[in-house]
Amino acid sequence: DEELSAVYPRMAGGFVSETFERVAEMGEGEVTRVRVSMPSSVTSVGDQWRGLTDSLEAELLASCNGDVSVLEMLHFFESDANNKDKDDYLEEVTRSDIFERLRELYDLCLIHFD
């Protein structure tokens with residue numbers, strides 16, 4: 001964990017996100033697609049949209065401001081999911097989930113590590 005406290009992910013630039021949700025007749029929603037556009041990214045051409053895995057990945061991207069360490073993200077997102085009220089639906093978030101999303105954001109050139 002000590003090593004993770006020294007790693008600070010930073011997004012490649014500002015971004016716009018869109019979340020598409022399918023809402024059932026009873027009002028329960030399910031996120032079906034999340035995508036981002038990062039016009040200032042060096043790999044972007046125009047308004048190129050990139051699909052993300054889920055809303056967790058978008059939340060992690062928003063947290064990558066260079067001031068929050070990977071360890072702090074782990075503590076926040078793990079505890080956030082585990083402290084939800086029973087009425088609120090949120091799947092349990094594991095360290096593996098967070099590492100996978102950060103790796104995907106890195107592979108998409110949306111973040112880098114300082």
Side-chain angles (χ1 to χ4, degrees):
D1 281 355
E2 185 177 325
E3 295 160 348
L4 298 175
S5 66
V7 178
Y8 292 84
R10 180 179 301 273
M11 65 182 83
F15 68 94
V16 175
S17 68
E18 288 184 344
T19 302
F20 299 88
E21 187 172 6
R22 180 178 308 139
V23 179
E25 196 172 307
M26 298 299 291
E28 296 176 14
E30 173 188 359
V31 173
T32 58
R33 186 173 70 166
V34 179
R35 66 183 192 161
V36 296
S37 175
M38 188 176 286
S40 59
S41 172
V42 294
T43 60
S44 290
V45 178
D47 286 336
Q48 181 181 17
W49 288 91
R50 296 185 177 154
L52 299 182
T53 305
D54 53 21
S55 55
L56 172 62
E57 197 166 290
E59 290 181 48
L60 282 167
L61 177 59
S63 299
C64 293
N65 60 10
D67 295 331
V68 180
S69 72
V70 171
L71 183 62
E72 291 169 316
M73 288 181 188
L74 288 170
H75 289 307
F76 177 79
F77 286 102
E78 284 179 322
S79 66
D80 188 46
N82 295 327
N83 290 329
K84 287 289 182 185
D85 293 334
K86 292 178 184 176
D87 295 337
D88 293 339
Y89 173 76
L90 184 63
E91 291 183 23
E92 182 179 339
V93 177
T94 66
R95 284 181 172 229
S96 177
D97 295 330
I98 294 168
F99 289 138
E100 287 173 16
R101 301 316 187 284
L102 288 172
R103 183 175 42 250
E104 181 67 21
L105 291 169
Y106 179 80
D107 290 346
L108 290 170
C109 299
L110 296 175
I111 64 171
H112 58 90
F113 295 93
D114 289 341

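Bear in mind that the values here come from a model prediction, so they are computed numbers and not experimental data. Along the sequence shown, residues carry numbers from 1.
Of all heavy-atom pairs between Leu61 and Leu110, the closest is CD1-O, 3.9 Å. When all heavy atoms of Val68 and Met73 are compared, the pair lying nearest together is CG1-CG, 3.8 Å.
Within the model, atoms CZ of Phe113 and CG of Leu102 stand 5.5 Å from one another, a figure rounded to the nearest 0.5 Å. Once rounded to the nearest 0.5 Å, the distance linking CD1 of Ile111 with CE of Met11 reads 9.5 Å. The CZ atom of Arg35 sits 4.0 Å away from atom CD of Glu18, with the distance rounded to the nearest 0.5 Å. With rounding to the nearest 0.5 angstrom, the CZ atom of Arg95 is 6.5 Å from the CG atom of Leu4. Atom CZ of Phe76 and atom OG of Ser69 lie 13.0 Å apart (nearest 0.5 Å). Atom CD of Glu100 sits about 11.5 Å away from atom CG of Leu60, to the nearest 0.5 Å.
Side-chain contact check for Leu52 versus Leu105: some heavy-atom pair is nearer than 4.5 Å. Between Asp97 and Phe77, every side-chain heavy-atom pair lies at or beyond the 4.5 Å cut-off. Side-chain contact between Val16 and Val36 is absent, with no heavy atoms from C-beta onward closer than 4.5 Å. Annotation: side chain of Thr94 is not in contact with side chain of Glu78 (no heavy-atom distance under 4.5 Å). In this structure, Tyr8 and Cys64 have side chains that are not in contact, with every pair of non-hydrogen atoms separated by 4.5 Å or more.
Under the 4.5 Å side-chain heavy-atom criterion for Ile, Leu, Val, Met, Phe, Trp and Tyr, Tyr106 and Met38 are members of the same hydrophobic cluster. The hydrophobic clustering, which links ILVMFWY residues whose side-chain heavy atoms are closer than 4.5 Å, places Val7 and Leu71 together.
A donor-acceptor pair under 3.5 Å links the side-chain atoms of Thr32 to the main chain of Phe20, judged by distance alone. Between the side chain of Glu57 and the backbone N or O of Asp54, no donor-acceptor pair lies under 3.5 Å. Although no hydrogens or angles enter the test, the distance criterion places a donor-acceptor pair under 3.5 Å between the side chain of Arg10 and the main chain of Asn65. Between the side chain of Arg50 and the main chain of Leu108, a donor-acceptor pair closer than 3.5 Å is present.
Counting non-hydrogen atoms of other residues, nucleotides and ligands closer than 6.0 Å to CZ of Phe15 gives a total above 12.
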